[in-house]
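When a ligand or atom number is given, it counts from 1 through the structure's own listing order.
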Amino acid sequence: VSYSGVEIRLPYRPRPHQVEVAREIARALRRGNVLLHAPTGFGKTPVVLAALIPYMRRGYRVVWAVRTGSETDRPVEELRVFAERLGVSFLALSYRGKRDMCLLAERYGRGLDYSEVSYICSRERRRCPYYKAFKERFDPAPFEERGALTYSDVYELSRAQGVCPYYAQRELLAAAQLVALSYNYVVSRRFEWSIRRLFPYSESILVVDEAHNLQNLNLESDTITEGTLERAAAEAHELGDDESEALALHVLDEVRDRYSGLGPDDADTFTPSELLPEGYFRLLEKAEESGEAVRRARLARGERPRSSLYHMSQFFLRALELEGEDGIAFIAEKPGERVQLSLWDMRSAEVLAPRWRIFRRVIFMSGTLEPVDAFAETVGVTNYVAIRVPSLYDEANARVYLTRDLSTRGEELDEEMAARYVDAIARLLGRVRRNTAVFTASYRVQARLMAAGLAGAAEKLGYMVFEERRGMSGVEAGRVLRGFKEAAREGRGLLVAPMGGRFAEGADFPGEELMAVFLAGIPFDRPTVKTRLYIEYYERLYGEEKGRLYAYIIPALRRASQALGRALRSPRDKAVIVLGDYRYRRYMPLLPDYVRELARPLLSEDLDSIDLPW
Ligand code: SF4
């Protein structure tokens, strides 16, 4: 389709609205930034690529920012489909940091973090055989032939040549027309320079995927624990550095004195300089030097170059720099046996607004960007065109019910209400007899429902129960997810997981894998010290009413929208959705349009006779 000289082509038969939206994006980019709100299953990635290809043909470059490194391959794989089917060919790259791309680091063990691998490279590069090979015999031809390169393509092709994948990637970056990378390389000054030198942002169009996450980036985040301080003291003792040992022990005493009494759900704020002894700048610099010596010695012994002394000094030096800044909070908590101190950056609009201006244009996209004006204000976007894609779902896909007699309102879910929830969910399960997810307002609500017999009630109906637990490893989570998905074939499964968690936000459940979703409560943040600080900060920025809306209400409803969107991933999907809290009625304008249109109120006892869309 040609529009005012801009040709829009998709590599497959377009679905409803796709061509019009691509065209609208292409046109809107001439005027300013774009805020694209499109439901899940719409196909945002190919549509945005289709809009950008005419710009790329004219020489614009594209930076595609995703939330985590693991998502960088998606736009590149999609671009490959364009290349194969439409013959458009661009050099595109999924970019990863040294942690994923260093061949030498494997010698120092598994699971090294970003700063450890960076450190290894900064010390060892001159002697690194892969770096030497890169300098002597790197051949870009096989990379360029592929055109669109996932990070594992770059890694494997580099390994085959015996050259460093990280430096190969950087060499390719200079010639690439599209790079997909994690948000950090765009929003953080500390990371951006490494890209901008080779890929000038000022000539690029930036795409921010899943942009609703921008409000909670926590750019300066860092945490130390009592354990960090104990290990720092031990390292200093071993080095014979009495001053650094005394410094770590001083902080440890202060921390224990002040915060040992915190309960698992409490938190307090602290002022970094008050935990430190007199003359702390000099002492922290000394500790930093000693920490550096520890890292060097460990590396020389072939061990991971980590040092708690170094971490402690970095944490406090950064914290002191930020002390007194509005929007920065220092939080003491005791989630388990040990106190932990965290640096928490609540700022978004103030930090992000100047970042967007570096680029020619920015496209922000997400399935939960509404209300778009609130989104724009909280992340500092001006000069934009909002494009809203209407919902793809109607009565043929979904039934939505709003229970009038359930709520997780209040601090605690009392026994009677917990029992009522279990009864309601059991009625739903008995009726749908398909894979179902109960997404809970929080782990606390989840624990109450489990204690009230949710698993037993589901098992009695022939369901296998899968639960997301706090602190679950990636491997365990993968096992739970696979088990639940397989249950759709073998019988039926019940997934119980908190909203905002990895299953309610990050997992895909196409087709039969998920046919019913029950939202147990609204996932408002608990009224903790952190929540209060966050609301107060937003109230200072935007006034009382808007501040509370932006800091407290919209984020909770976004989490709920994300969760209920799990069941409807394409226009062919069918699902039953139950909004299990009467307060959802008040917040309908903040929920997806198909939910607003289809929601029917009922009493939870009627869930065993609801109408099904299949
Ligand atoms: S040059 Fe490459 S392989 Fe060598 S240490 Fe640095 S990142 Fe690792």
Side-chain angles (χ1 to χ4, degrees), residues 63-66 68-73 76 91-146 148-176 178-186 188-201 288 291-307 310-311 314:
V63 177
W64 196 289
V66 296
T68 63
S70 58
E71 295 158 23
T72 53
D73 282 350
V76 171
L91 184 61
L93 203 60
S94 159
Y95 189 92
R96 299 283 187 102
K98 282 184 187 155
R99 198 186 63 171
D100 295 323
M101 300 304 264
C102 175
L103 288 172
L104 195 74
E106 290 170 6
R107 297 182 188 173
Y108 296 86
R110 290 179 160 270
L112 276 70
D113 66 23
Y114 158 81
S115 75
E116 288 166 351
V117 181
S118 241
Y119 186 74
I120 291 172
C121 184
S122 69
R123 312 269 334 164
E124 296 297 309
R125 187 170 51 228
R126 272 180 299 126
R127 288 182 287 270
C128 174
Y130 308 110
Y131 188 68
K132 192 161 175 280
F134 164 75
K135 285 281 178 201
E136 287 169 2
R137 55 167 196 267
F138 172 62
D139 174 13
F143 297 84
E144 287 164 358
E145 260 165 42
R146 295 243 183 131
L149 294 153
T150 63
Y151 104 93
S152 46
D153 290 336
V154 176
Y155 191 85
E156 292 309 328
L157 288 170
S158 303
R159 194 192 262 280
Q161 288 188 19
V163 305
C164 166
Y166 178 77
Y167 283 96
Q169 168 188 254
R170 291 187 61 73
E171 187 81 9
L172 296 163
L173 181 64
L178 179 147
V179 61
L181 34 66
S182 83
Y183 290 168
N184 275 342
Y185 293 105
V186 169
S188 157
R189 278 171 208 266
R190 267 189 283 166
F191 289 97
E192 61 146 15
W193 65 269
S194 67
I195 305 291
R196 268 179 85 177
R197 268 193 316 147
L198 301 168
F199 200 105
Y201 286 174
E288 186 183 24
E292 173 64 28
V294 172
R295 299 217 290 177
R296 243 189 344 258
R298 294 209 168 142
L299 190 69
R301 292 200 297 271
E303 295 168 9
R304 290 173 76 152
R306 54 168 45 172
S307 160
Y310 188 79
H311 186 189
Q314 293 302 297

No-hydrogen, no-angle side-chain donor-acceptor test under 3.5 Å, Tyr166 and Arg96: no

Atom 4 (Fe) of ligand 1 to nearest N/O/S of Cys164 below 2.8 Å: no

Atoms of ligand 1 close to Tyr167 [distance to a heavy atom under 4.0 angstrom, numbered from 1]: 1 (S)

Atom indices of ligand 1 within 4.0 angstrom of Cys102 heavy atoms, with elements: 3 (S), 5 (S), 7 (S), 8 (Fe)

Residue, atom name and distance, where the atom is the protein heavy atom closest to atom 4 (Fe) of ligand 1: Cys128 SG, 2.4 Å

Atom 3 (S) of ligand 1 - nearest protein heavy atom and its distance: Leu103 N, 3.5 Å

CZ/Arg189: more than 12 non-hydrogen atoms of other groups inside 6.0 Å: no

Arg298 and its side chain to side chain contact (heavy atoms under 4.5 Å, CB included) partner, picked from Arg304, Glu116, Arg306: Arg306

Residue pair Cys121 / Tyr167, side-chain heavy-atom distance below 4.5 Å: yes

Plane angle bin for Phe138 and Phe143 - parallel if under 30°, tilted between 30 and 60°, otherwise perpendicular: tilted

Heavy-atom nearest neighbour of atom 1 (S) of ligand 1 within options Phe134, Tyr119, Tyr131: Tyr131

N-O pairing of Glu124 and Lys98 below 4.0 Å: no

Atom 6 (Fe) of ligand 1 to nearest N/O/S of Cys121 less than 2.8 Å: yes

